[in-house]
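Below is one structure; the comments refer to it alone.
Order of the sequence lines sets the chain letters (A, B, ...), proteins ahead of strands, with each chain counted from 1.
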Number of protein chains: 2
Amino acid sequence: MDELDSEIIRLLQTDARQSNRELARQLGVAPSTCLERVRALTRRGVIRGYHAEIELGALNRGVQAMVSVQVRPLSRSVITTFKDSVSRLPEVLSVFVLAGGDDFLLHVTAQDLDHLHAFLLDRLSQRKEIVGFRTSVIFQRVHNTVLSRLPDVAAEG
Amino acid sequence: MDELDSEIIRLLQTDARQSNRELARQLGVAPSTCLERVRALTRRGVIRGYHAEIELGALNRGVQAMVSVQVRPLSRSVITTFKDSVSRLPEVLSVFVLAGGDDFLLHVTAQDLDHLHAFLLDRLSQRKEIVGFRTSVIFQRVHNTVLSRLPDVAAEG
DNA sequence: GTTGAAAGAAAGAACGA
DNA sequence: TCGTTCTTTCTTTCAAC
């Protein structure tokens with residue numbers, strides 16, 4: 001992970017569809033060098049994939065919400081089963097397994113508030129392992145799609 | 001947004017770097033047709049961009065957390081200023097503006113727990129508009145990178 | 001809106017430094 | 001590890017359907 005790798009990662013996060021030639025031109029290296037670097041990054045698992053970002057409204061997903069969930073018992077099997085089945089629901093964008101007060105946080109989308117409500121009642125309330133959940137509608141989201149490598153220094157204190 | 005558009009969106013969410021030819025082949029249409037559809041989707045803002053997905057550990061971001069934040073006063077200027085400045089911090093992946101008990105939810109990353117702690121103390125605790133925040137470390141995340149269009153039907157009830 | 005053909009551009013592999 | 005060259009493949013335009 002030298003400077004060149006970091007730059008490649010930055011450029012591909014910004015625009016994953018630019019050509020290898022264009023990438024090489026911006027980096028000031030030969031296309032073959034660039035291609036080999038990208039392959040090595042992919043082989044090492046640093047680059048996990050390339051995804052188009054789609055406007056949620058166009059996917060009939062005009063409403064977003066965060067749902068914090070508590071389940072019981074807190075056994076491995078209950079957590080795994082809940083995580084796997086909930087992440088397969090089409091409304092669910094992300095499932096976060098948390099430490100602390102809540103066990104899960106679900107980032108969900110729906111066509112509108114009626115559909116969100118129906119999702120909560122039909123898909124969550126029915127589950128026996130859920131002992132409580134709390135829903136917060138999302139007014140707005142700011143998403144950083146380009147992440148830099150954090151400096152590799154020790155924390156203070 | 002017909003069936004062909006939906007399929008293009010699905011395929012580009014799965015792999016944004018596949019060639020237009022390959023896309024066309026999978027859809028059973030001519031490459032020129034596919035190219036024109038992709039352009040139209042981009043022009044209409046349905047396709048917002050193409051991003052490489054990078055392994056967070058490679059970016060020195062081995063620890064993730066969710067931070068729920070309450071700010072006061074709840075004025076437009078306080079909310080906007082907070083949202084804008086926090087979203088510019090390198091540790092912050094997403095800022096969610098919420099309805100309900102908490103005002104914001106921050107998805108943050110850090111090199112380790114020490115750095116996360118330092119971030120909370122140095123970047124959040126210092127802010128005068130924050131009247132409280134609660135941090136939950138993320139054990140695990142399941143992320144759906146391919147989203148289908150939700151069915152366009154009325155909710156029950 | 002969709003297609004196929006043609007020109008130009010890029011990818012991918014081999015090889016050498 | 002990097003750059004050059006060459007062959008194959010792809011992108012993109014455009015006239016026609």
Check your understanding: To the nearest Å, how far apart are A:Asn20 CG and C:dA13 P?
Key -> 12 Å
Review point. What's the spacing between A:Ile54 CD1 and B:Ser6 OG if we round to 0.5 Å?
Key: 10.0 Å
Exercise for review: Could you tell me whether B:Ser32 contacts a base, only the sugar-phosphate backbone, or nothing, with contacts defined as non-hydrogen atoms closer than 4.0 Å?
Suggested key: base
Review point. According to the interplanar angle, ranging from 0 to 90°, do the rings of B:Phe96 and A:His107 count as parallel (below 30°), tilted (30 to 60°) or perpendicular (above 60°)?
Key: perpendicular
Point to revise | Length of the CD-P vector between B:Glu3 and C:dT2, whole Å | key: 13 Å
Revision key, fill the gap. Residues pairing under side chain to side chain donor-acceptor pair (under 3.5 Å) where one sits in residues 12-21 of chain B, two or more places apart or in two chains, turn out to be B:Gln18-B:Gln26
Revision key, fill the gap. Per nearest nucleotide of DNA chain C, the residue lying toward the 5' end, B:Asp2 or B:Arg17, is B:Asp2
**Study point:** Point-to-point distance, once rounded to the nearest 0.5 Å, from CZ of B:Phe104 to CD1 of B:Ile79
**Key:** 5.5 Å
Point to revise | Salt bridge present between B:Asp2 and B:Arg37 (N-O < 4.0 angstrom) | key: yes
Study note, to complete from the structure: Taken to the nearest whole Å, CD1/B:Ile8 to C1'/C:dG1 is 13 Å
Practice item. May I ask you to check whether over 12 heavy atoms, not counting those of A:Arg123, lie within 6.0 Å of atom CZ? Key: no
Review point. With a non-hydrogen cut-off below 4.0 angstrom, is A:Ser19 in contact with a base, only sugar-phosphate, or nothing?
Key: sugar-phosphate
Check your understanding: Which two nucleotides bound the region of DNA chain D that has atoms under 4.0 Å from heavy atoms of chain B, read 5' to 3'?
Key -> D:dC10 to D:dT13
Review point. Is there a salt bridge (Lys or Arg N to Asp or Glu O under 4.0 Å) between B:Arg43 and B:Glu36 once you walk through the steps?
Key: CA-CA 10 Å; B:Arg43 215 181 310 122; B:Glu36 177 49 34; 3.3 Å; yes
Check your understanding: In whole Å, what is the span from the CZ atom of A:Arg25 to the P atom of C:dA9?
Key -> 15 Å
Check your understanding: Which of these, A:Leu147, A:Asn144, A:Val142, sits in a side chain to side chain contact (heavy atoms under 4.5 Å, CB included) with B:Leu93?
Key -> A:Leu147
Practice item. Look at all strands and tell whether A:Arg37 reaches a base, only sugar-phosphate, or nothing, counting heavy atoms closer than 4.0 Å. Key: sugar-phosphate
**Study point:** Difference in axis direction between the ends of the helix from C:dG1-D:dC17 to C:dA17-D:dT1, five pairs, 10°
**Key:** 30°
**Study point:** Neighbour count above 12 (heavy atom, 6.0 Å) for B:Arg149 CZ
**Key:** yes
Review point. Closer to the 5' end of DNA chain D via nearest nucleotide, is it A:Ala30 or B:Gln18?
Key: A:Ala30
Review point. Atom CD of A:Glu22 and atom P of C:dA10: how far apart are they, to the nearest Å?
Key: 9 Å
Review point. Looking across every strand, which nucleic acid part, if any, lies under 4.0 Å from B:Arg39 by heavy atom: base, sugar-phosphate, or nothing?
Key: sugar-phosphate
Review point. Atom CG of B:Leu35 and atom P of C:dA5: how far apart are they, to the nearest Å?
Key: 18 Å
Check your understanding: Nearest-Å distance, CD (A:Glu36) to C1' (C:dC15)?
Key -> 15 Å
Review point. Rounding to a whole Å, what distance do you find between B:Leu4:CG and C:dT3:C1'?
Key: 14 Å
